[in-house]
Amino acid sequence: MINDGFRDSSEDERRAEIIARLRDLYPGTARELCELDFSTPFQLLAATILSAQCTDKRVNMVTPKLFESYGTPTLLASADIVDVEEIIKSTGFYHNKAKNLIAMARSVLEGGGELPNEMEGLSSLAGVGRKTANVVLSVAFDKPGLPVDTHVMRLSKLLGFTTLSDPVKIELELNEMVPPRDRGALSLRMILHGRAVCVARKPRCHACALADLCPAFIALAKD
DNA sequence: ATCCCGAGGG
DNA sequence: CCCTCTGGAT
């Protein structure tokens with residue numbers, strides 16, 4: 001097999017076919033594929049902070065009430081932390097999340113009240129890491145950004161997109177597989193597939209449209 | 001018992 | 001690298 005430091009071309013084709021099938025399975029833009037409810041970039045950021053170790057459905061149950069009282073940087077910055085904690089309690093990690101939400105709103109205000117629209121500014125906000133920043137970039141600002149969460153990490157390994165475990169390195173590897181404008185949607189598609197089909201505990205390989213291209217399934221089926 | 005669109009701190 | 005933070009769903 002020819003591989004002089006370049007990737008095998010059949011491997012490139014396999015990956016491209018997986019990406020094409022994911023696009024057919026979950027069509028739409030990052031904005032359309034995102035299942036968090038929000039009406040401003042600031043609200044998406046707040047919802048994404050809440051989504052840590054929690055389902056989107058659960059986040060969407062608490063954000064209407066949260067945004068009713070604290071839907072803007074100004075309102076959230078001066079919120080009573082106990083009140084915020086009570087509203088978001090069911091999303092888990094609620095002490096940290098309430099503290100982070102209020103601190104985040106205050107740092108937005110200190111920065112002039114406008115949410116940053118690049119990685120540097122976003123990830124410098126309290127409680128905002130690279131994954132959350134990439135969600136806001138791709139979904140709210142329609143910019144290149146490829147959030148690597150637990151699903152993207154798991155599927156990237158199973159599908160043979162990476163052998164690494166560092167989410168930043170995986171992000172850079174995945175970046176090379178799609179044009180910039182498709183990065184956010186690829187992440188969302190892997191997340192949706194990870195939730196519905198390639199489930200962490202019990203992958204539904206029999207129902208998976210990618211199984212014939214999946215090294216993990218092929219290895220499993222080989223006996 | 002294990003997992004859910006993580007981030008901060010040691 | 002590790003640990004902690006947390007409730008809800010399966």
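Chain A is the first sequence line, chain B the second, and so forth, proteins listed ahead of strands; every chain is numbered from 1. As the structure is a computational prediction, the values presented were derived from the model and not from experiment. Just the heavy atoms: all of them, side chains too, but no hydrogens, waters or symmetry mates, feed the values below.
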How close or far is atom [atom2] of [N] from atom [atom1] of [X], stated in whole angstroms?
{"X": "His95(A)", "N": "dG7(C)", "atom1": "NE2", "atom2": "C1'", "answer": "12 Å"}
{"X": "Asn96(A)", "N": "dG7(C)", "atom1": "CG", "atom2": "C1'", "answer": "13 Å"}
{"X": "Lys97(A)", "N": "dC5(B)", "atom1": "NZ", "atom2": "C1'", "answer": "11 Å"}
{"X": "Leu101(A)", "N": "dG8(B)", "atom1": "CG", "atom2": "P", "answer": "12 Å"}
{"X": "Asp149(A)", "N": "dC4(B)", "atom1": "CG", "atom2": "P", "answer": "8 Å"}
{"X": "Arg195(A)", "N": "dG8(C)", "atom1": "CZ", "atom2": "P", "answer": "19 Å"}
{"X": "Met61(A)", "N": "dG8(C)", "atom1": "CE", "atom2": "P", "answer": "10 Å"}
{"X": "Gln53(A)", "N": "dC5(B)", "atom1": "CD", "atom2": "P", "answer": "9 Å"}

Looking for any heavy atom pair under 4.0 Å, which part of the strands does [X] touch: base, sugar-phosphate only, or nothing?
{"X": "Val128(A)", "result": "sugar-phosphate"}
{"X": "Leu188(A)", "result": "base"}
{"X": "Arg201(A)", "result": "base"}

By nearest heavy atom, map Ile191(A) and Ala126(A) onto DNA chain B; which one lands nearer the 5' end?
Ile191(A)
5' priority, DNA chain B, between Gly127(A) and Thr55(A) [closest heavy atom]:
Thr55(A)
Check the geometry between Phe93(A) and dG6(B) and answer yes if their rings are stacked (centres below 5.5 Å, planes below 30°), otherwise no.
yes
Under 4.0 Å: is that the gap between some side-chain N or O of Arg154(A) and OP1 or OP2 of dC4(B)?
yes
Distance below 4.0 Å between Thr150(A) side-chain N/O and dC4(B) OP1 or OP2:
yes
Suppose you measure atom P in dC3(C) against the same atom in dC5(B); what distance do you get, rounded to whole Å?
24 Å
Test Met190(A) against every option in Leu22(A), Val148(A), Asp149(A), Leu146(A) by the side-chain contact (heavy atoms from CB on, under 4.5 Å) rule and name the one that passes.
Leu22(A)
Taking side-chain contact (heavy atoms from CB on, under 4.5 Å) as the criterion, tell me which of Leu174(A), Ile170(A), Val152(A) meets it with Phe161(A).
Leu174(A)
Salt bridge flag under 4.0 Å for residues Arg195(A) and Glu35(A)
yes
Using a strict cut-off of less than 4.0 Å between a Lys/Arg side-chain nitrogen and an Asp/Glu carboxylate oxygen, indicate whether Glu171(A) and Arg130(A) qualify as a salt bridge.
yes
